[in-house]
Amino acid sequence: VNTLVADLKTAGKFAYGCSDWPASNMGIVEVVDGAFATGKNAVVVAGTRAEDTRLASSVLQSYATKLSSITASKVEVTGTALATATVTAK
């Protein structure tokens, strides 16, 4: 459990915790405005399993090709490899 993400969940700034994760085998990349202080943002990268978190991290690292055309502050990532990953704005 990532305690910082749990703190964001408790504060109502991130929608999911371990007990209410929305789906199996997916990752999330989300920019949280005012995460821990006014004017300071955080990027949450999380997943159902370690593999899902790694894939979401890889998508973030490949911002230029995977995320630059998306204007949403949150995406869901599914798949098993970066080349074929599905990125859906939420």
Side-chain angles (χ1 to χ4, degrees):
V1 173
N2 182 318
T3 57
L4 293 174
V5 174
D7 290 346
L8 291 173
K9 163 75 172 147
T10 299
K13 296 181 179 184
F14 187 70
Y16 310 116
C18 291
S19 63
D20 58 356
W21 193 253
S24 60
N25 304 337
M26 64 94 133
I28 292 175
V29 178
E30 182 173 350
V31 177
V32 180
D33 294 329
F36 299 104
T38 303
K40 302 294 182 181
N41 301 332
V43 177
V44 174
V45 181
T48 308
R49 306 167 299 163
E51 297 87 3
D52 302 314
T53 303
R54 278 193 292 276
L55 182 59
S57 296
S58 294
V59 165
L60 181 57
Q61 289 173 338
S62 299
Y63 177 87
T65 57
K66 293 289 187 181
L67 295 173
S68 64
S69 64
I70 297 174
T71 59
S73 62
K74 175 181 172 181
V75 296
E76 290 182 2
V77 179
T78 56
T80 57
L82 180 60
T84 58
T86 301
V87 178
T88 307
K90 293 294 179 173

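The first residue of the sequence shown is numbered 1, and numbering continues consecutively from there. Bear in mind the structure is a predicted one, so any value in this text is a computation, not a measurement.
Leu4 contributes atom CG, which lies 4.5 Å from atom CZ of Phe36 (distance to the nearest 0.5 angstrom). Rounding to the nearest 0.5 angstrom, the gap separating the CZ atom in Phe14 from the CG atom in Asn2 is 9.5 Å.
Nearest heavy atom pair, residue Thr53 against residue Ala46, reads OG1-C, 3.6 Å. In terms of heavy-atom proximity, Leu60 sits nearest to Leu67 at CA-CD1, 3.9 Å. Across Leu55 and Ala81, no two heavy atoms sit closer than the pair CD1-C, 3.6 Å. Of all heavy-atom pairs spanning Gly47 and Asp52, the tightest one is CA-CB, 4.0 Å.
When the side chains of ILVMFWY residues are joined at heavy-atom separations under 4.5 Å, either directly or via intervening members, Val43 and Leu82 end up in a single hydrophobic cluster. Under the 4.5 Å side-chain heavy-atom criterion for Ile, Leu, Val, Met, Phe, Trp and Tyr, Val45 and Val75 are members of the same hydrophobic cluster.
Contacts classified as salt bridge (Lys or Arg N to Asp or Glu O under 4.0 Å) and involving residues 66-75 (residues at least two apart or in different chains) are not found.
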Distance-only donor-acceptor hits, side chain of residues 20-31, under 3.5 Å, sequence neighbours excluded:
unit_1, atom_1, unit_2, atom_2, d
Asp20, OD1, Gly17, N, 2.6
Asp20, OD2, Lys9, NZ, 2.9
Trp21, NE1, Ala23, O, 3.3
Trp21, NE1, Thr48, OG1, 2.7
Asn25, OD1, Arg49, NE, 2.9

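No donor-acceptor distance shorter than 3.5 angstrom exists from the side chain of Ser68 to the backbone of Thr65, with no hydrogens or angles considered. In terms of modelled atom types and a separation under 3.5 Å, the side chain of Lys40 and the main chain of Ala35 share no donor-acceptor contact. Checked by atom type and distance alone, the side chain of Thr38 never pairs as donor or acceptor with a backbone atom of Gly34 at under 3.5 Å.
Contacts of Ala89 classified as side chain to side chain contact (heavy atoms under 4.5 Å, CB included), with partners at least two apart in sequence or in another chain: Ile70, Ala72.
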